[in-house]
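Every chain is numbered from 1, with letters handed out A, B, ... down the list of sequences. These values consider heavy atoms only, across backbone and side chains, with no hydrogens, waters or symmetry-generated copies.
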Amino acid sequence: MIRGAEEVRVRFAPSPTGHLHIGGARTAFYNWLYARHHKGTFILRIEDTDRTRSTEEYINAIIEGMKWLGLDWDEGPYRQTDRFDVYKSYADKLLAEGKAYFCYCSPEELEQRRQEALAQGKTLKYDGRCRNRDKGQGKNAAVRFKMPQEGETVVHDLIRGRIVFENAQLDDLIIIRSDGTPTYNFTVVADDVDMNITHVIRGDDHLNNTPKQIHIYAALGYEIPLFAHLPMILGADKARLSKRHGATSVTAYKEMGYLPDALVNYLVRLGWSHGDQEVFTRDELIQYFSFENIGKSAAVFNPEKFLWLNSHYIMNSASEKLAELVIPFLITQGIIGKSQSLNKEWLSKAITPLKERSKTLTELANSLRYYIADDVEYNEKAKAKFLNEGSRDILFELKDKLMVVRDFSAEEIEKVFRAIIEKHNVKLGNLAQPVRVAITGSTESPGIFEVLEIMGKEKTLKRLEKAINTIGVS
RNA sequence: GGUCCCAUCGUCUAGAGGCCCAGGACGUAGCCCUCUCAAGGCUAAGACACGGGUUCGAAUCCCGUUGGGACCGCCA
């Protein structure tokens, strides 16, 4: 059978030594998209063989991150620490077939030789001194894989094409440590073989490992999977994206008020394109996704464009949905109490004019503050400019007229405003701005009639009165 | 140092030899709309890293230079 002709089986294989990184999230998403596009299987595999750095907490964080992004998997999560017997049997097989050998060099010796090689400007490569020694018992010995030393290995990459490596460059890498635990380059291959993986989609930091892994697949008698090495995500300084570039974990963006769909959309466009289209639904992504449209060069993560996309998604989300999503942010910002509940219908109505003014859920929560709080807090500059002698009388008149309005709707409120400005022959701004400050505390808000309606008659009158008193005192 | 990868506006990208004196998006600036702030609309500035080929013709193909990145662990 030709590789690629059978059912697609792909995997995302993070190591739980940190939160789900946005680079990892993108890799996961491309795998997921490829599987969904081809109606294949997407497998989640936790590569936790480094027991000193892997934690349960990070495993959970990664799983939570995947769920939040809506990346559902069909098999797993498998854990490599549960599969040591698999690796051992594969290693024993290689040993028995003479494709691997015991190495008795100590880590200290190896390190010393590495330093010497480095000092002499030589290639850093195991010298193969245990290759032909007597097998021995393998006590306290590591197991090395016997790489071919001549010829070349060709990687056929779905994104980069044909890449040729000289076998003389390949290192006899350790597949089992002297303590009996397997190493990464071996577990990946063993698992891919065992799980019948057809396509390996991963970051291009693994490109140089690929020729070595190809020989291990072959030694295990497995058909070589197809590879797709994704370009890296860089920070603004063009260095690989890391903590020092600011937030890099999926969780961090969740907490800052970003929407999962926005993150996914932003990440997928970083390195992939479909003509000029910028915004995609998930179904469109599944339909359009293909390796042909993945770029080869690394991409710089651009927070501004991501912010824009997020605001776009917020603007286009249903208010009812945002009303649900914003609650945790209202709580963390102390705008409502932990057990306090709000009228969902009212909240949605308040959100509608706010969503095109909020780039994140955090901002949305914050702009809801003046509606929910008992009292207004004036912005000092706004207060000085609009709440003064010049506006007292007109505010008083407005309050007076508003008091008798039965149907406190934007429409009716506007009629009152229009009547007043017409009478005094002033522009709407002359009335609207003082009112805005009186009601919201600042000079920026949605349309004033709408704000008053959402605020409600009682609060509106109370705040107008407070403003008038404030002027009176000053 | 060795090996490998990459190279279009500040950033993400379109571009598969003529459709490109290079298109879209973010950001920036200006204008319009307007009760403020947004949103929206319009406009502007802004790129094929460099040098050689190949070709009637190159952003697109080839070679080199330069620049960036990744990997070279008993980490993953």
Tell me which nucleotide among [options] gets nearest to the side chain of [X].
X: A:Arg269; options: B:C6, B:C12, B:U3; value: B:C12
X: A:Val300; options: B:A76, B:C4, B:U11; value: B:U11
X: A:Gln169; options: B:C74, B:G2, B:C6; value: B:G2
X: A:Ile163; options: B:C4, B:A7, B:C74; value: B:C4

[N] phosphate, OP1 or OP2: any side-chain N/O from [X] under 4.0 angstrom?
X: A:Arg114; N: B:C74; result: yes
X: A:Thr49; N: B:A76; result: yes
X: A:Ser273; N: B:A14; result: yes

Would you measure the distance from the [atom1] atom in [N] across to the matching atom in [M] and give it in whole Å?
N: B:U11; M: B:C37; atom1: C1'; value: 27 Å
N: B:C20; M: B:U60; atom1: C1'; value: 11 Å
N: B:A59; M: B:U8; atom1: C1'; value: 7 Å
N: B:G17; M: B:U55; atom1: C1'; value: 9 Å
N: B:C74; M: B:G67; atom1: C1'; value: 36 Å
N: B:A49; M: B:C9; atom1: C1'; value: 13 Å
N: B:C19; M: B:G10; atom1: C1'; value: 29 Å
N: B:C63; M: B:A58; atom1: C1'; value: 15 Å

Report which part of the nucleic acid [X] touches: base, sugar-phosphate, or nothing (heavy-atom distance under 4.0 Å, all strands).
X: A:Leu173; answer: nothing
X: A:Thr181; answer: nothing
X: A:Val164; answer: sugar-phosphate
X: A:Cys103; answer: nothing
X: A:Ser178; answer: base

Would you kindly say whether A:Asp191 and A:Tyr87 are connected by a side-chain donor-acceptor distance under 3.5 Å?
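The criterion, which ignores hydrogens and geometry beyond distance, is satisfied for A:Tyr87 and A:Asp191.
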
Donor-acceptor pair between A:Tyr253 and A:Asn310 side chains, under 3.5 angstrom:
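On atom types as modelled, these side chains do not qualify, holding no pair under 3.5 Å.
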
Between atom [atom1] in [X] and atom [atom2] in [N], what is the gap in whole Å?
X: A:Gln213; N: B:C4; atom1: CD; atom2: C1'; value: 15 Å
X: A:Leu241; N: B:U11; atom1: CG; atom2: P; value: 16 Å
X: A:Leu270; N: B:C12; atom1: CG; atom2: C1'; value: 7 Å
X: A:Phe186; N: B:C74; atom1: CZ; atom2: P; value: 16 Å
X: A:Asp191; N: B:A76; atom1: CG; atom2: C1'; value: 13 Å
X: A:Arg113; N: B:G1; atom1: CZ; atom2: C1'; value: 20 Å
X: A:Arg160; N: B:A7; atom1: CZ; atom2: C1'; value: 12 Å
X: A:Asn167; N: B:G2; atom1: CG; atom2: P; value: 20 Å

Check whether any side-chain heavy atom of [X] lies under 4.5 Å from a side-chain heavy atom of [Y], and answer yes or no.
X: A:Leu94; Y: A:Val143; answer: no
X: A:Phe408; Y: A:Thr460; answer: yes
X: A:Thr251; Y: A:Leu20; answer: no
X: A:Tyr378; Y: A:Lys466; answer: yes
X: A:Cys103; Y: A:Ile174; answer: no

Looking at [N], which nucleotide sits across from it as a Watson-Crick or G-U wobble partner, both distances under 3.5 angstrom, or is there none?
N: B:A25; answer: B:U11
N: B:C37; answer: none
N: B:G64; answer: B:C50
N: B:A59; answer: none
N: B:G17; answer: none
N: B:C72; answer: B:G1

Nucleotides 26-41 of chain B: protein proximity per nucleotide (B base, S sugar-phosphate only, - neither; heavy atom, under 4.0 Å):
S--------BBBBS--

Going 5' to 3' along nucleotides 58-71 of chain B, which nucleotides have protein heavy atoms under 4.0 Å from the base (write B), which only from the sugar-phosphate (write S), and which from neither (write -)?
-----------SBS

For the residue pair [X] and [Y], is the inter-centroid distance of their aromatic rings smaller than 6.0 Å?
X: A:Phe289; Y: A:Tyr30; value: yes
X: A:Phe280; Y: A:Trp272; value: yes
X: A:Tyr258; Y: A:Tyr266; value: no

To check you understand the geometry: which heavy-atom pair defines the closest contact between A:Leu270 and A:Ala299, and what is its length?
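Here A:Leu270 and A:Ala299 meet closest at CG-CB, 3.8 Å.
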
Taking salt bridge (Lys or Arg N to Asp or Glu O under 4.0 Å) as the criterion, tell me which of A:Lys125, A:Arg131, A:Arg144, A:Lys99 meets it with A:Asp172.
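Single pass found, and it is A:Arg131.
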
Under a 3.5 Å distance rule, please check whether A:Asp157 uses its side chain to pair with a backbone N or O of A:His229 as donor and acceptor.
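The answer is yes, because a donor-acceptor pair under 3.5 Å joins these two groups.
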
Taking for each residue the nucleotide of RNA chain B bearing the nearest heavy atom, is the 5' side occupied by A:Gln277 or by A:Asp48?
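Upstream on the strand: A:Gln277.
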
Tell me if the side-chain of A:Glu278 makes a donor-acceptor pair with the base of B:G24, cut-off 3.5 Å, by modelled atom types.
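Answer is yes: a donor-acceptor pair is held.
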
